[in-house]
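Below is one structure, written out as structure tokens, with a few remarks after it.
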Amino acid sequence: MRDNKLYTPVGVRDILFKECNIKRYVSHEIGEVFRSFGYEQVETPTFEYMEVFSDEKLGGTKQKEMYRFFDRDGSILALRTDMTPPIARIAATCFEKKYLPMRFSYFGNVFRYNEEYQGKQREFYQAGIELLGVDQADADAEVIAVAIQSLLKAGLCHFQIIVGNVEFFNGILEETALAYDICKELQIYVGYRDYVSVEKIVKQYDMEQNIRQLFIDLPKLMGTLEVLEYAEKLTKNIRAIKAIERLKCLYTILQYYGLEKYVSFDLGMVGQLNYYTGIIFRGYADGSGYSILSGGRYDNLVSQYGEDMPAVGMVLKLNEVLSALQKQCVTIEQKKAKTLIAFTEKGRQKAIEIAGIYRQSGMYIEMSLLGEDISKNMHYAESKQMSHVLYFIDSENMKVISLADEMGGFTVDIAVSELILPNVEEEKQ
């Protein structure tokens with residue numbers, strides 16, 4: 001019989017030293033970008049009432065994909081499946097409209113149950129931002145700019161942000177004048193990229209040739225401004241034309257940021273149409289088969305919590321970002337202890353004092369817990385790829401042992417007073 005204490009459940013895993021250090025570094029760098037744009041961090045509960053995540057009218061998570069359990073009072077709770085609904089709840093219940101626009105950022109894990117596992121994780125680490133209270137292309141552009149600059153700060157350089165606008169698709173659906181159920185069928189096929197079925201439907205029903213051609217051409221409507229200009233010529237629908245104009249304006253603003261080379265368009269991108277209400281985007285990196293970020297405008301979500309306000313946001317899928325960094329061979333410096341301080345009983349006090357001075361100056365120092373055996377301490381330091389051992393014989397005498405230099409290492413006996421110490425006060429200034 002298997003001892004479950006020795007294993008993790010399906011879909012979750014341990015993150016060990018090196019990967020954990022990289023994860024923390026990347027999270028810190030991304031957090032600095034968020035703060036530089038004025039996004040303040042909040043934390044939401046790991047579990048909430050199931051209803052926060054299950055509103056399927058707005059594209060909520062299906063109940064079978066949630067980790068659900070009962071509270072003692074009989075309420076159904078769920079592990080967090082999405083970060084955006086809790087942020088919408090916070091915006092609606094904790095702040096007044098006079099504070100608009102509101103900028104939130106977050107870091108946290110979300111949990112989703114995949115029935116067909118196939119190597120997919122069920123716990124995901126995410127970081128993201130939400131910008132609430134403004135319905136302008138400037139807000140859309142800012143969110144995409146933060147996404148791009150976050151990826152660049154994390155160390156990625158080979159990636160692309162693909163942008164669409166669900167209002168364009170809603171507009172051309174209106175222009176077909178097809179029945180509601182046929183339009184829903186088209187939405188599903190386009191969402192799954194089943195363009196063979198899309199072409200079959202538009203050829204089956206009467207509609208103007210230009211709009212039929214637009215649906216047939218949807219798989220090709222990917223690229224830069226030329227794509228938008230071509231699509232604009234094939235539709236007369238005001239809703240669709242406004243959507244294209246919004247995308248053009250977005251592109252112009254991103255040019256001002258100097259980030260347009262990372263952006264292209266896909267007018268066949270629809271996502272969850274009952275969730276997104278305007279722009280929608282995904283990010284892809286070379287070497288990764290999954291999207292590394294996603295986002296869009298969701299102007300109808302916050303109203304479900306009692307306050308009507310527009311909103312746009314994005315989420316970075318940090319598991320995929322870390323995977324992309326590895327596949328693109330991006331090297332991230334590992335900040336860890338390079339010096340081991342060992343000591344005899346007589347040298348313990350001085351060793352602790354010196355270690356404290358070094359740490360205050362920003363150095364990473366590890367104290368030995370292996371006793372007075374020098375060879376044992378050297379072997380330990382070498383196994384941790386450290387460069388030096390400082391061995392305190394007593395309060396006045398010590399050995400400086402170099403483990404790796406061009407001469408192959410050396411040992412020097414010096415007085416503690418000869419040790420070069422950083423001026424902590426000067427460094428703080």
Side-chain angles (χ1 to χ4, degrees), residues 2-9 12-32 107 109 123 125 154-155 318 322 325-326 329-429:
R2 192 177 84 161
D3 187 352
N4 282 341
K5 295 193 300 291
L6 304 177
Y7 300 89
T8 59
V12 298
R13 65 186 183 90
D14 298 314
I15 300 177
L16 304 184
F17 298 139
K18 182 177 180 180
E19 186 180 358
C20 194
N21 284 335
I22 294 173
K23 174 182 172 182
R24 292 182 62 186
Y25 169 81
V26 168
S27 298
H28 175 268
E29 295 299 293
I30 290 171
E32 288 299 297
F107 290 81
N109 288 357
E123 180 179 16
Y125 183 52
L318 291 183
L322 295 175
L325 286 169
Q326 182 180 23
C329 300
V330 176
T331 301
I332 294 176
E333 181 184 357
Q334 297 292 299
K335 292 185 177 181
K336 59 181 182 180
K338 292 293 185 181
T339 300
L340 178 70
I341 291 186
F343 48 85
T344 66
E345 185 175 349
K346 291 181 179 179
R348 178 187 290 115
Q349 180 178 349
K350 181 59 68 173
I352 292 173
E353 289 175 2
I354 298 298
I357 293 171
Y358 279 131
R359 290 193 184 107
Q360 287 182 59
S361 72
M363 291 178 63
Y364 296 84
I365 302 293
E366 189 172 329
M367 299 295 289
S368 170
L369 302 174
L370 300 177
E372 300 182 7
D373 189 322
I374 293 181
S375 62
K376 186 181 292 186
N377 279 291
M378 288 177 63
H379 179 72
Y380 175 79
E382 287 171 343
S383 72
K384 297 290 290 288
Q385 297 181 320
M386 296 183 185
S387 57
H388 292 86
V389 177
L390 303 183
Y391 186 84
F392 287 79
I393 299 170
D394 52 38
S395 61
E396 297 180 354
N397 300 290
M398 62 179 296
K399 293 180 181 291
V400 177
I401 304 169
S402 173
L403 300 174
D405 75 345
E406 61 275 7
M407 301 299 292
F410 60 86
T411 299
V412 177
D413 293 306
I414 66 170
V416 172
S417 59
E418 296 179 83
L419 191 64
I420 299 174
L421 297 177
N423 190 318
V424 175
E425 292 303 318
E426 284 185 6
E427 294 196 11
K428 285 183 179 179
Q429 292 175 1

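Between Leu325 and Ala154, the shortest heavy-atom distance links the atoms CD2-O, 3.6 Å. For the residue pair Lys336 and Lys384, the shortest heavy atom distance occurs at NZ-O, 4.0 Å. Minimum interatomic distance between Ala381 and Leu403 (heavy atoms only, all atoms of both residues): CB-CD1, 3.4 Å. Taking each heavy atom of Ala355 and Met367 in turn, the nearest pair found is CB-SD, 3.5 Å. Across all non-hydrogen atoms, the minimal contact from Val330 to Gly155 is CG2-O, 3.6 Å. When every heavy atom of Tyr358 is checked against every heavy atom of Ser361, the shortest pair comes out as O-OG, 2.6 Å.
Atom CZ of Arg359 is surrounded by more than 12 heavy atoms from other residues, nucleotides or ligands within 6.0 Å. The environment of CG in Leu6 is crowded: more than 12 heavy-atom neighbours from other residues, nucleotides or ligands sit within 6.0 Å. The number of heavy atoms from other shown groups lying within 6.0 Å of CD (Glu32) is above 12.
The distance from atom CD1 of Ile374 to atom OG1 of Thr411, rounded to the nearest 0.5 Å, is 7.5 Å. Note that OG1 of Thr339 and OH of Tyr364 are 13.0 Å apart. Values are rounded to the nearest 0.5 Å. Rounded to the nearest 0.5 angstrom, Asn397 CG and Ser417 OG are separated by 9.0 Å. Here the CZ-CD distance, from Arg13 to Glu123, works out to 10.0 Å after rounding to the nearest 0.5 Å. For the atom pair NZ of Lys18 and CD1 of Ile332, the computed distance is 10.0 Å after rounding to the nearest 0.5 Å. Taking OG of Ser375 as the start and NE2 of His379 as the end, the distance is 9.5 Å to the nearest 0.5 Å.
A heavy-atom distance below 4.5 Å is not found between the side chains of Ser395 and Val416. Proximity of Leu318 to Lys23: side-chain heavy atoms (C-beta onward) are nowhere separated by under 4.5 Å. Side-chain atoms of Tyr25 and Lys335, non-hydrogen and from C-beta on, never get closer than 4.5 Å to each other. Residues Leu322 and Tyr125 fail the side-chain proximity criterion, which asks for heavy atoms closer than 4.5 Å. Side-chain atoms of Val400 and Leu390, non-hydrogen and from C-beta on, do get closer than 4.5 Å to each other. Counting only heavy atoms from C-beta outward, the side chains of Met398 and Ile414 approach each other to under 4.5 Å. Using a 4.5 Å cut-off on side-chain heavy atoms (C-beta onward), Glu353 and Phe392 make no contact.
Judged purely by atom type and a 3.5 angstrom limit, Asp14 has no side-chain atom pairing as donor or acceptor with the backbone of Leu16. Remark: side-chain polar atoms of Asn377 are paired, donor with acceptor, to backbone N or O of Gly371 under 3.5 angstrom. Side chain of Tyr391 to main chain of Thr344: no donor-acceptor pair is present (N/O by atom type, distance under 3.5 Å, no hydrogens or angles).
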When you look at Ile354 and Leu421, which way does the side-chain contact (heavy atoms from CB on, under 4.5 Å) test go after all the steps?
CA-CA 8 Å; Ile354 298 298; Leu421 297 177; 3.9 Å; yes
Lys350 vs Glu396, test: side-chain contact (heavy atoms from CB on, under 4.5 Å). Steps then yes/no.
CA-CA 8 Å; Lys350 181 59 68 173; Glu396 297 180 354; over 6 Å; no
